[in-house]
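Structure first, commentary second.
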Amino acid sequence: MKKFLVLLLFIAGSSLSVYAQKTIKTLLSPGKTTSVKVGLNKSGEAFYKITYNGATVVDWSRLGIEARGHNFSSGFKLVSAEAGSHDETWKPVWGEESQIRDHYNELRYRLANETDAMTIHFRAYDNGVGFRYEFPAKEKADNITVTNELTEFQMTADHTAWWIPGDYDSNEHVYSTTSISGINTAPYMAEKSIVTQHIVDTYNVQTPLTMRAANGTHISIAEAALVDFGALHLTADPKTLKFKAFLISTSDPAVKSVNTLPFHTPWRAVLLNRDAAGLLGNRLILNLNEPCKLSDVSWIKPMKYCGVWWEMHVGKGTWDYSGSQNGDGFKNGQPSGKHSATTANTKKYIDFAAKNGLGGVLVEGWNIGWENWFNQQKEEVFSFTKAYPDYDVAELSRYAESKGVKLIMHHETSSAVTSYERQMDSAYAFMNQYGYPAVKTGYVGKIIPKGEWHDGQWMVNHYVRVAERTAKYRVMLDAHEPVRPSGLHRTYPNWLACEASRGQEFNAWSKGNPPEHECILPFTRILGGPMDYTPGIFQIEVNQFDPNKKERVHTTVAKQLALYVTLYSPLQMAADLPENYEKRPDVFQFIRDVPVDWDESRALNASVGDYLTMARKEKGKPNWFIGSITDENPRDFTFKLDFLEAGKTYEATIYEDGPDAHYEKNPYPVNIRKTTVRKGDTLRLRLAASGGCAISIMAN
Ligand code: NOJ
Ligand code: CA
């Protein structure tokens, strides 16, 4: 208790001594649920404060930027405060809903001191706040070198937080759930579980950082429209409960970014909702992004796909041709006989896709280079236009076309990004020549140019360059191991998905993803954009090709089905092997039926890290789909189907955990039942430990 009082006094004391005293302006959201106050203290330093439903959620917190030879942090006077408002409904090319309302009031708080000028641009929404720093053009100096961002987020209590460590190079960590004061990344530094990890601070965490206050309010600190800047991480202060912005540096550790004026930073976003379900419908990050920059989007088509992929992860075959990774194997030119990406094997996948209505087939390991790729930081390892001798590109493109299936290209760059940049045009032209509409890129390993980070300005610009260049070639993009998405898919809708998190693959060769993992992702990483998680594993124990393999998927099969609805992506893989699906056609039917583009999405219930249930309406059709998942605890749910259309009857097919299902002891049984439903009917679901339920509700 004493410790608590001391902490309270400390927080009160620290905010009193610095808060804004003059030129305070207040901005209210359209429905007045959210307010932002901004002002200056005696030293001309800027501060802001956010309230939500009458309670302070971010107490007085510092604003400003440090840049060499400039003063964007103090001595400011208010030049003007311009208010504005905006109300527009826009249509995403694809998404969780077909219309999104962008409704906010805004304030441009224009500041100047003796040497510099800066505008802090705020937008207040009923479900959050966005702000960014804007720097006008200058006559003389046309560049600024940013060395630090001073933005702070002063929390008002020791909320529960779901976080992964502030890693410069990876997002592939298991989440921790602690209080803010309990944030400590030391165990991650010690475990070194990710091949390319760089965690330098005990208190640094990634954004979006989602927290729950005692009254149930959910707060997520994120960024939107990350372009030409280092990614935003946050440094927690366990004593004051304050987060400070931490920008990932360039190859010069003292420099965070170099920008040409005029310039504005990405948006800093604070998402605010009354509960976890509300957070799942929060489109603040998308709304803060620029509208679509592509004039023709007719070629952008969400799709399901399968691929020559999981079989390498579980050890049935290899990416490389000669059976020798980390060597000069291919120079010997001898096939090992284990190469997966052969013409014959790919045809098998094309046949499977054609038979089951999957739009695409991804093929990894088709191109030369895999003998030398892993964790070696080498240039010019991969060719993106030269296939291994047993992979006939022309024949496969002919065959795929004859079956109405598209091949998905794979470009593992092994983070030799300069090599990739040199090959980008020839690689995309090659894809055009052979009719590939989509590419999966990958950034495994340490970045070349040496010293750059996956989350730094140089790479942030690279990912955007790839989005722009692929768009020029009418190619859709799925990036693995990039920086976390920040809603840029609104601007570049050909950028369908990113991995940028710990995906299903970890279940094939590591301790895996704990049962709560998929119950955290939609509230954290996926707030910024769709994730290529690769759901749909039916063979839960992955020892099919190696009896000694102990790794496994930490869910039931029914939960794997439900993930197609709970983890939103316009690109969804049916990740398991065709032979495993062919053994269970009745269960696979759900994957055949589930769409990847929606008119409407509703969270029926949610608790971060515990469970969630999503209902979504298929785009342009009257059908609904439900996915419900739970963590390691079994749960019973009851729902009213009040979202269905009145007067219609529907056939619901319910794929639920079978009796005694359990993710460890009995993951396989799926009970399938059919029933006729109408608006207002009640559904009762029983989810096993780390189980789930998937339902298709087809209009008659
Ligand atoms: C990591 C990606 O996430 C995975 O999907 C891919 O198979 C490997 N890299 C090889 O590129
Ligand atoms: Ca990965």
Side-chain angles (χ1 to χ4, degrees), residues 164 167 169-174 193-197 206 305-321 325-326 339-341 346 349 360-376 378 381-384 388 408-417 419-420 427 438-447 454-455 459 463 466 477-485 496-513 517 521 525-526 530-537 542 551 553 567 569 571-577:
I164 52 173
D167 188 326
D169 268 329
S170 179
N171 302 287
E172 300 191 340
H173 295 281
V174 172
S193 66
I194 309 296
V195 186
T196 313
Q197 74 170 46
Q206 315 275 60
Y305 70 104
C306 62
V308 182
W309 179 73
W310 187 245
E311 63 170 78
M312 287 88 92
H313 284 273
V314 298
K316 181 182 182 191
T318 61
W319 282 268
D320 60 86
Y321 174 75
Q325 279 215 359
N326 303 328
H339 185 217
S340 283
T346 305
Y349 281 83
V361 174
L362 165 75
V363 186
E364 295 198 359
W366 70 278
N367 57 329
I368 60 171
W370 292 90
E371 280 76 11
N372 288 295
W373 81 288
F374 193 70
N375 212 19
Q376 300 189 27
K378 275 195 210 160
V381 164
F382 283 109
S383 164
F384 302 108
Y388 279 125
I408 299 178
M409 177 50 78
H410 184 231
H411 292 164
E412 172 56 65
T413 67
S414 65
S415 288
V417 187
S419 302
Y420 188 51
V439 61
K440 169 178 169 179
T441 56
Y443 298 92
V444 172
K446 288 193 81 59
I447 301 291
H454 283 74
D455 279 14
M459 283 303 290
Y463 308 125
V466 173
L477 172 64
D478 170 22
H480 276 230
E481 300 91 26
V483 71
R484 298 160 299 291
L496 294 185
C498 290
E499 184 192 43
S501 192
R502 190 181 180 90
Q504 179 93 269
E505 60 183 10
F506 275 79
N507 288 322
W509 33 253
S510 79
K511 69 180 178 191
N513 304 341
H517 187 63
L521 288 172
R525 150 70 183 80
I526 296 178
M531 176 174 178
D532 185 27
Y533 186 76
T534 70
I537 299 304
V542 296
E551 291 84 4
V553 174
L567 292 172
S569 177
L571 190 68
Q572 287 280 29
M573 187 171 203
D576 210 338
L577 312 181

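No hydrogens, no waters, no symmetry mates; every other heavy atom, side chains included, goes into these values. Order of appearance sets the numbers: ligands from 1, and atoms from 1 within every ligand.
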The reported gap from CD in E505 to CD1 in I537 (rounded to nearest 0.5 angstrom) is 11.0 Å
Run through ligand 1 for me and note each protein residue having a heavy atom under 4.0 Å from it, chain first, then residue number.
W309, H313, W319, E364, W370, W373, H410, E412, K440, V444, H480, E481, E499, E505
Within the 3.0 Å cut-off the protein N, O or S neighbours of the Ca ion (ligand 2) are E172 OE2, E481 OE2, E499 OE1, E499 OE2, E505 OE2
Do Y388 and H339 meet the criterion of a side-chain donor-acceptor pair at a distance under 3.5 Å?
no
Distance from K511 atom NZ to F506 atom CZ, nearest 0.5 Å?
10.0 Å
Will you find, in the side chains of W319 and E364, an N or O donor that is under 3.5 Å from an N or O acceptor?
yes
Do E499 and K440 meet the salt-bridge criterion of a basic N to acidic O distance under 4.0 Å?
no
How many angstroms lie between CG in N513 and CG in L521, if you round to the nearest 0.5 Å?
8.0 Å
Would you call the rings of H410 and W370 parallel, tilted or perpendicular, taking 30° and 60° as the class edges?
parallel
For D455 and R484, the nearest pair of non-hydrogen atoms, with its separation, is OD2-NH1, 3.0 Å
Out of the candidates Q206, H173, H454, Q197, only one should pair with D167 under the side chain to side chain donor-acceptor pair (under 3.5 Å) rule; please name it.
H173
